[in-house]
Amino acid sequence: MTSSSPLPPHGVSAPLSRRGFMGGAASLSSVSLLSHAAKADEKNTGQQPNAPDDNPAHYKPVFFNPEEYLFLCHACERILPQDENGPGAQALGVPRFIDRQMTTPYGHGDLWYMKAPFVNGPPELGYQLPYSPQDLYRGAITPINTYCLMTYHAIFAALAPEWQDDVLHTLEDNKLSFNEIPGSTFFEQLRTNTLEGAFSDPAYGGNYAMGGWKMMGFPGARADFMDWINQEGAPYPLGPVGMPPKPDPYSPSFQNDEEG
């Protein structure tokens, strides 16, 4: 940020990210299963039910509150913006992926070693803080917005993209900490989850329409693509495929099977 760049007025949104705002915190409800009444109506009328609305812009967050989810939409987009190579994080459903991820054992830190002592150590010792992924997001997002209000007179989502980048770089360089959460730790959590959401199987809520895989030319979960290996960089000629839609990877039964 240069000294010649005017600050946005408090409460007025600055230009959004390159791919545009995909609906922010979203006001529409999340997709639910057909009710018994809807199924009965389908049998009586012979009409097919409407296809579930899987558009990530219409997703209503479960873990994050609207302010937190709005931050997430814009921060993820700055880490993986739309460009000539393909869609950005919002279009790929990355914020939805992270929100759903926070409701799993991973989000609660159940899969991490979380016992004391917690001491500063070299990177090769791994994660050394008592905070789960849920704690990292919930403990950092609101203070980051407060920092942005004090510094730029607007919350993170209302800043121009270049100022959003400045804030993220400040976190990455560990020049800020919030609630005893180092900025670099939060940034790495956000960056890692953003990439996971962009390139994981669409069953988990990200990689919408397999856009991440299409960018990479990745075949997905095809059972056999041996005919196209060792082709010296030739693009894969078929589109990607995902996992079968069932079982729901976020269902309790699936989670228990994974842990077992």
Side-chain angles (χ1 to χ4, degrees), residues 16-17 19-33 52-82 87-112 131-145 155-158 164 168 171 178-179 181 185-212 242-243 245 247-255 258:
L16 300 179
S17 57
R19 73 162 307 282
F21 183 43
M22 280 292 296
S27 59
L28 301 182
S29 63
S30 60
V31 176
S32 61
L33 297 175
D53 183 359
D54 194 40
N55 190 325
H58 298 165
Y59 176 74
K60 184 177 180 179
V62 175
F63 171 75
F64 294 104
N65 65 39
E67 175 190 324
E68 293 168 339
Y69 196 70
L70 184 62
F71 168 89
L72 196 65
C73 288
H74 286 267
C76 291
E77 186 68 22
R78 295 315 304 156
I79 291 175
L80 187 68
Q82 176 175 299
Q90 289 191 48
L92 289 172
V94 169
R96 175 177 63 186
F97 167 87
I98 297 176
D99 181 70
R100 297 185 71 185
Q101 194 181 37
M102 291 302 104
T103 66
T104 67
Y106 166 82
H108 290 276
D110 292 349
L111 306 182
W112 293 5
Y131 307 114
S132 68
Q134 284 188 354
D135 297 330
L136 292 174
Y137 281 106
R138 187 132 287 164
I141 292 178
T142 296
I144 289 172
N145 272 330
I155 63 172
F156 182 89
Q164 292 177 342
L168 293 175
L171 293 169
F178 303 103
N179 297 327
I181 297 173
T185 299
F186 174 75
F187 177 85
E188 182 58 27
Q189 181 73 36
L190 176 66
R191 186 194 69 84
T192 297
N193 293 157
T194 297
L195 296 179
E196 290 171 347
F199 301 110
S200 64
D201 192 283
Y204 293 94
N207 191 15
Y208 178 61
M210 303 185 197
M243 294 190 303
D248 179 2
Y250 288 99
S251 66
S253 60
F254 188 90
Q255 295 293 327
E258 290 251 297

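Across all their heavy atoms, P56 and G93 have their closest contact at CB-CA, 3.5 Å. Nearest heavy atoms, M102 versus N193: CE-OD1, 4.3 Å. When all heavy atoms of P95 and A89 are compared, the closest pair comes out as CD-O, 3.7 Å. Across all non-hydrogen atoms, the minimal contact from T104 to R100 is CG2-O, 3.6 Å. Closest heavy-atom contact between V94 and C76: CG1-SG, 3.8 Å. Counting all heavy atoms, side chain and backbone alike, L92 lies closest to G212 at CD2-N, 3.4 Å.
At distances below 3.5 Å, at least one donor-acceptor pair connects side-chain atoms of N145 with backbone N or O atoms of F156. At distances below 3.5 Å, at least one donor-acceptor pair connects side-chain atoms of N65 with backbone N or O atoms of E67.
Within the 4.5 Å cutoff, the side chain of N179 has no heavy atoms near those of the R138 side chain.
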Candidate pair I155 and L70, rule side chain to side chain contact (heavy atoms under 4.5 Å, CB included), full reasoning: CA-CA 10 Å; I155 63 172; L70 184 62; 4.2 Å; yes
Worked verdict on T185 versus Q189 for side chain to side chain contact (heavy atoms under 4.5 Å, CB included): CA-CA 6 Å; T185 299; Q189 181 73 36; 5.8 Å; no
Side chain to side chain contact (heavy atoms under 4.5 Å, CB included) between L171 and L190, intermediate numbers included: CA-CA 11 Å; L171 293 169; L190 176 66; over 6 Å; no
CA sep, side-chain torsions, deciding dist, call: Y69, F63, side chain to side chain contact (heavy atoms under 4.5 Å, CB included): CA-CA 9 Å; Y69 196 70; F63 171 75; over 6 Å; no
Residues Q164, E77; criterion side-chain hydrogen bond (donor to acceptor under 3.5 Å, both in side chains); working and verdict: CA-CA 10 Å; Q164 292 177 342; E77 186 68 22; over 6 Å; no
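One distance of note links CD1 of I144 with CD of E68; it measures 11.0 Å at 0.5 Å rounding. Atoms CD and CG, from Q134 and L136 in turn, are 10.0 Å apart once rounded to the nearest 0.5 Å.
Listed by chain and number, the residues in a side-chain contact (heavy atoms from CB on, under 4.5 Å) with S200 are F97, Y204 (sequence neighbours excluded). With sequence neighbours left out, the ring-ring contact (aromatic ring centres under 6.0 Å, His included) criterion links Y137 to F64, F186. Applying the side-chain hydrogen bond (donor to acceptor under 3.5 Å, both in side chains) rule to S132 yields the partners D135; only residues at least two apart in sequence or on another chain are considered. Applying the side-chain hydrogen bond (donor to acceptor under 3.5 Å, both in side chains) criterion to D99, with sequence neighbours excluded, gives Y59. Shown here are the side-chain hydrogen bond (donor to acceptor under 3.5 Å, both in side chains) partners of T192, two or more places apart in sequence or in another chain: E188. By the side-chain contact (heavy atoms from CB on, under 4.5 Å) test, L195 pairs with R191, F199, sequence neighbours left out.
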